[in-house]
Undergrad: 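Just dropping this structure here.
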Amino acid sequence: NAGVTQTPKFQVLKTGQSMTLQCAQDMNHNSMYWYRQDPGMGLRLIYYSASEGTTDKGEVPNGYNVSRLNKREFSLRLESAAPSQTSVYFCASRGRGNTEAFFGQGTRLTVV
Amino acid sequence: GQQVMQIPQYQHVQEGEDFTTYCNSSTTLSNIQWYKQRPGGHPVFLIQLVKSGEVKKQKRLTFQFGEAKKNSSLHITATQTTDVGTYFCARSKGGSEKLVFGKGTKLTVNP
């Protein structure tokens, strides 16, 4: 039982490049989330998906797109990376009814 | 907005001292969750509070939910070096799956 798996763990991009962060969970959870974590800023919600086929904006959605490919997978795409998107990205999932969230190990992204 | 305010942002204590972090909201919370993130790690769920005035304990950790359900606290008695990390509170709005975190309190413990 792997829980929440994120790939890659580390990535360096040049300004303007695109990439997709992958996230998959094997707990049959309905809700999935993408957060970014910057020093002193806590965990800020980028996008979330309450169920397969639905996505909603969080606190800081600009510059990102998401896809809830199926119940297991929720990907985050940066179409044109900017240095301001240098951060640690966490994916999380949880079951129905405000239960606890389970987090992936994180992706450390640097945009130069 | 739906943000929860956490204070303090940083806390540095000597081992054996107590520690408290507070989480405040301008609106009534349907529930509050607490998470711990060790340095270099990912957030891990500690507890969820739902009822007004609720108090829950986990060994040296005591969690409280205010009577008005607008604030919550996490108190650690006699801190140990294993308590080092950042403690976050998180809220979800009733009827919504949106989960929003506070900025966290980073705890360091001097041995």
Side-chain angles (χ1 to χ4, degrees), chain A residues 2-6 9-10 21 23 25 27 29-61 66 68 71 74 87-108, chain B residues 1-11 21-25 29-51 54 56 58 63 65 69 72 85-108:
Chain A
V4 179
T5 304
Q6 285 183 240
K9 288 187 170 53
F10 301 93
L21 279 64
C23 177
Q25 53 90 11
M27 295 173 282
H29 285 167
N30 290 304
S31 300
M32 296 186 74
Y33 306 82
W34 277 106
Y35 295 91
R36 61 177 288 174
Q37 185 171 33
D38 304 291
M41 300 299 292
L43 290 158
R44 291 185 292 172
L45 180 63
I46 305 172
Y47 271 93
Y48 69 104
S49 170
S51 61
E52 183 180 350
T54 69
T55 61
D56 286 286
K57 293 179 180 180
E59 304 165 282
V60 289
V66 290
R68 185 72 183 269
K71 194 170 186 180
F74 189 38
S87 188
V88 179
Y89 291 85
F90 286 101
C91 177
S93 73
R94 64 177 183 163
R96 195 181 296 279
N98 292 332
T99 56
E100 67 180 278
F102 292 83
F103 282 79
Q105 299 296 316
T107 297
R108 187 173 294 275
Chain B
Q2 296 184 47
Q3 186 61 275
V4 285
M5 305 304 295
Q6 248 187 289
I7 53 171
Q9 192 172 356
Y10 301 96
Q11 186 75 57
T21 174
Y22 301 90
C23 186
N24 300 306
S25 171
L29 302 166
S30 54
N31 62 73
I32 194 83
Q33 295 182 343
W34 287 93
Y35 292 77
K36 176 183 178 181
Q37 183 180 26
R38 294 182 188 276
H42 59 278
V44 175
F45 176 82
L46 293 175
I47 208 158
Q48 176 167 279
L49 304 172
V50 178
K51 299 177 183 176
E54 191 170 15
K56 287 188 176 180
Q58 290 179 351
F63 303 85
F65 203 8
K69 299 183 72 174
S72 181
T86 301
Y87 293 84
F88 293 97
C89 62
R91 66 165 294 177
S92 52
K93 201 174 179 183
S96 167
E97 290 299 316
K98 187 175 183 179
L99 183 64
V100 176
F101 283 75
K103 290 188 177 182
T105 296
K106 185 175 181 179
L107 172 66
T108 55

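Quick note on labels: first sequence line is chain A, next is B, and so on, each numbered from 1.
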Undergrad: Looking at every non-hydrogen atom in both residues, tell me the closest pair between B:Tyr35 and B:Ala90 and how far apart they are.
TA: CE1-CB, 4.1 Å
Undergrad: Does the B:Ser92 side chain pair with the main chain of B:Asn31, one donor and one acceptor, at a distance under 3.5 Å?
TA: no
Undergrad: Identify which of A:Ala92, A:Ala101, A:Ser49, A:Ala50 forms the greatest number of heavy-atom pairs closer than 4.5 Å to chain B.
TA: A:Ala101
Undergrad: Under the criterion side chain to side chain contact (heavy atoms under 4.5 Å, CB included), I'd like the reasoning laid out for A:Gln6 against A:Trp34: C-alpha separation, chi angles, the key distance, then a yes or no.
TA: CA-CA 11 Å; A:Gln6 285 183 240; A:Trp34 277 106; 3.6 Å; yes
Undergrad: Indicate yes or no: at least one non-hydrogen side-chain atom of A:Phe74 is less than 4.5 angstrom from one of A:Thr55.
TA: yes
Undergrad: Considering heavy atoms only, which positions within residues 39-48 of chain A lie below 4.5 Å of chain B?
TA: A:Gly40, A:Met41, A:Gly42, A:Leu43, A:Leu45, A:Tyr48
Undergrad: My understanding is that only residues two or more places apart in sequence, or in another chain, count here; which of them pass ring-ring contact (aromatic ring centres under 6.0 Å, His included) with B:His42?
TA: none
Undergrad: By a 4.5 Å heavy-atom criterion (distance strictly below it), what part of A:Thr99 contacts chain B: side chain, backbone, both, or neither?
TA: backbone
Undergrad: Looking at side-chain heavy atoms only, is the closest gap between A:Val60 and A:Arg36 below 4.5 Å?
TA: yes
Undergrad: Against chain B, label A:Arg108 side chain, backbone, both or neither, depending on which of its atoms sit under 4.5 Å from a heavy atom there.
TA: neither
Undergrad: Side chain, backbone, both or neither: which part of A:Tyr35 has a non-hydrogen atom closer than 4.5 Å to chain B?
TA: side chain
Undergrad: Looking only at heavy atoms and a cut-off of under 4.5 Å, which of B:Lys106, B:Gln48, B:Gln33 has the most pairs with chain A?
TA: B:Gln33
Undergrad: Do B:Val4 and B:Leu29 come within less than 4.5 Å of each other through their side chains, counting heavy atoms only?
TA: yes
Undergrad: Identify which part of B:Gln6 has an atom lying under 4.5 Å from any heavy atom of chain A, answering side chain, backbone, both or neither.
TA: neither
Undergrad: So how far is it from B:Asn24 CG to B:Ile32 CD1, rounded to the nearest 0.5 Å?
TA: 9.5 Å
Undergrad: Which class fits the ring pair B:Trp34 and B:Phe63: parallel under 30°, tilted 30 to 60°, perpendicular over 60°?
TA: tilted
